[in-house]
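One structure is given below, encoded as C-alpha cells.
As the structure is a prediction and not an experimental result, all values here were calculated from the model. Throughout, numbering of the chain's residues begins at 1 and tracks the sequence.
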Amino acid sequence: LGSLLVFLGLALPGTQGKIISKCEMVKILRRNGFQGFEGTTVADWMCLVKHESDYNTRAYNNNGPSRDYGIFQINSKYWCNDGKTPGSKNACRISCSKLQDDNIEDDIQCAKKIAREAHGLSPWYGWKNHCRGRDLSSFVSGC
C-alpha cells in the first residue's frame, strides 16, 4: 500500500497560507498525541511537515492524476475528495479544500489515520527521503 501512495510534497510557489512557526507546530503535535504515535516521534512529524509543506497550511502539489493538499500534503487519490481525481477513495471522508484552511484539526485526524494504516510514515516521500533514519533532534530543539 505504501508504494502506491504518492506524497511528493512540493508546494507550488504563490500558494499563500498560514505558515506555522516551528515551536508552535511542535506544541500542536505534542498536544495532539503525536509523540510515540505508531512508533513515531514529534521530531519525525516535524521533519515530515518541513519537507512536505514547509509548515504552510495551504500547500498544494499537482502530481498529475492526483494532488496533495495542506500542511501534511494529503493525497486526493486515497484520502480526500477534490472532485477531480478519478476513483478517489476519500478514506478520511473530507473535502481536500478543508485541508488547506488554517484550522489543521481535520488535517491532524486524517494524517493520524494514514500513519495508523501504514504503521508509520512511509506513505510520505518527504519523510522517507529526508528524515527516516536521521538525527532529527534539530526539528524540536529550543521548543
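- Asp82 places a side-chain N or O within donor-acceptor distance of the main-chain N or O of Thr85, the cut-off being under 3.5 Å.
- Remark: His119 pairs with no residue by the ring pair (Phe, Tyr, Trp, His ring centres under 6.0 Å) rule, at least two apart or across chains.
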What do the steps show when you test Cys92 against Cys110 for disulfide bond (SG atoms under 2.5 Å apart), and what is the final call?
CA-CA 6 Å; Cys92 287; Cys110 187; 2.0 Å; yes
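- The CG atom of Leu48 lies 10.5 Å from the NE2 atom of His130; values are rounded to the nearest 0.5 Å.
- Within the 4.5 Å cutoff, side-chain heavy atoms of Tyr55 are placed close to those of Lys50.
- Heavy atoms only, all atoms of each residue included: Gly120 and Thr40 are closest at CA-CG2, 4.4 Å.
- Side-chain N or O atoms of Gln100 include none that pairs as donor or acceptor with a backbone N or O of Tyr69 at under 3.5 Å.
- By the neighbour-count criterion of 12 heavy atoms within 6.0 Å, atom NZ of Lys112 is densely surrounded, having more than that number from other residues, nucleotides or ligands.
- Closest non-hydrogen pair, Ser88 versus Cys80, comes out as OG-O, 3.1 Å.
- A distance of 5.5 Å separates CG of Asp68 from CG of Asn61, quoted to the nearest 0.5 Å.
- In this structure, Phe37 has no ring pair (Phe, Tyr, Trp, His ring centres under 6.0 Å) partners at least two apart in sequence or on a different chain.
- No donor-acceptor pair under 3.5 Å is formed between the side chain of Ser122 and the backbone N or O of Lys128.
- Residues Ile114 and Tyr78 form no side-chain contact, since every pair of their non-hydrogen atoms from C-beta on lies 4.5 Å or further apart.
- Between Ile20 and Val49 the shortest side-chain heavy-atom distance does not fall below 4.5 Å.
- With hydrogens and angles left out, the side-chain atoms of Ser66 and Asn75 include a donor and acceptor closer than 3.5 Å.
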Stepwise side chain to side chain donor-acceptor pair (under 3.5 Å) test for Asp135 and Ser137
CA-CA 6 Å; Asp135 175 7; Ser137 55; 2.8 Å; yes
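- For the atom pair OG1 (Thr41) and CZ (Phe139), the distance works out to 10.5 Å, reported to the nearest 0.5 Å.
- Of all non-hydrogen atoms in Cys23 and Gly142, the two that sit nearest each other are SG-O, 3.7 Å.
- Lys22 contributes atom NZ, which lies 6.5 Å from atom OG of Ser138 (distance to the nearest 0.5 angstrom).
- Atoms OG1 and CZ, from Thr57 and Phe72 in turn, are 11.5 Å apart once rounded to the nearest 0.5 Å.
- The structure places CG of Asp107 at 7.5 Å from CD1 of Ile71, a figure rounded to the nearest 0.5 Å.
- Counting non-hydrogen atoms of neighbouring residues, nucleotides and ligands closer than 6.0 angstrom, the CZ atom of Arg30 exceeds 12 such neighbours.
- By the 4.5 Å heavy-atom criterion applied to side chains, Val26 and Met46 are counted as neighbours.
- Of the possible polar contacts, one joining the Asp101 side chain to the Asn103 backbone as a donor-acceptor pair under 3.5 Å is found.
- Salt bridge Arg132/Asp44: absent, no basic N to carboxylate O contact under 4.0 Å.
- Contact annotation: the side chain of Trp79 approaches that of Lys113 to within less than 4.5 Å [non-hydrogen atoms, C-beta and beyond].
- The sulfur atoms (SG) of Cys47 and Cys131 lie less than 2.5 Å from each other.
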In sequence, state the C-alpha distance, the side-chain angles, and the governing distance for Leu29 and Val140, and then conclude on side-chain contact (heavy atoms from CB on, under 4.5 Å).
CA-CA 11 Å; Leu29 292 169; Val140 292; over 6 Å; no
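- Contact detail for Glu105 and Asn32: the closest heavy-atom pair is OE1-OD1, 3.8 Å.
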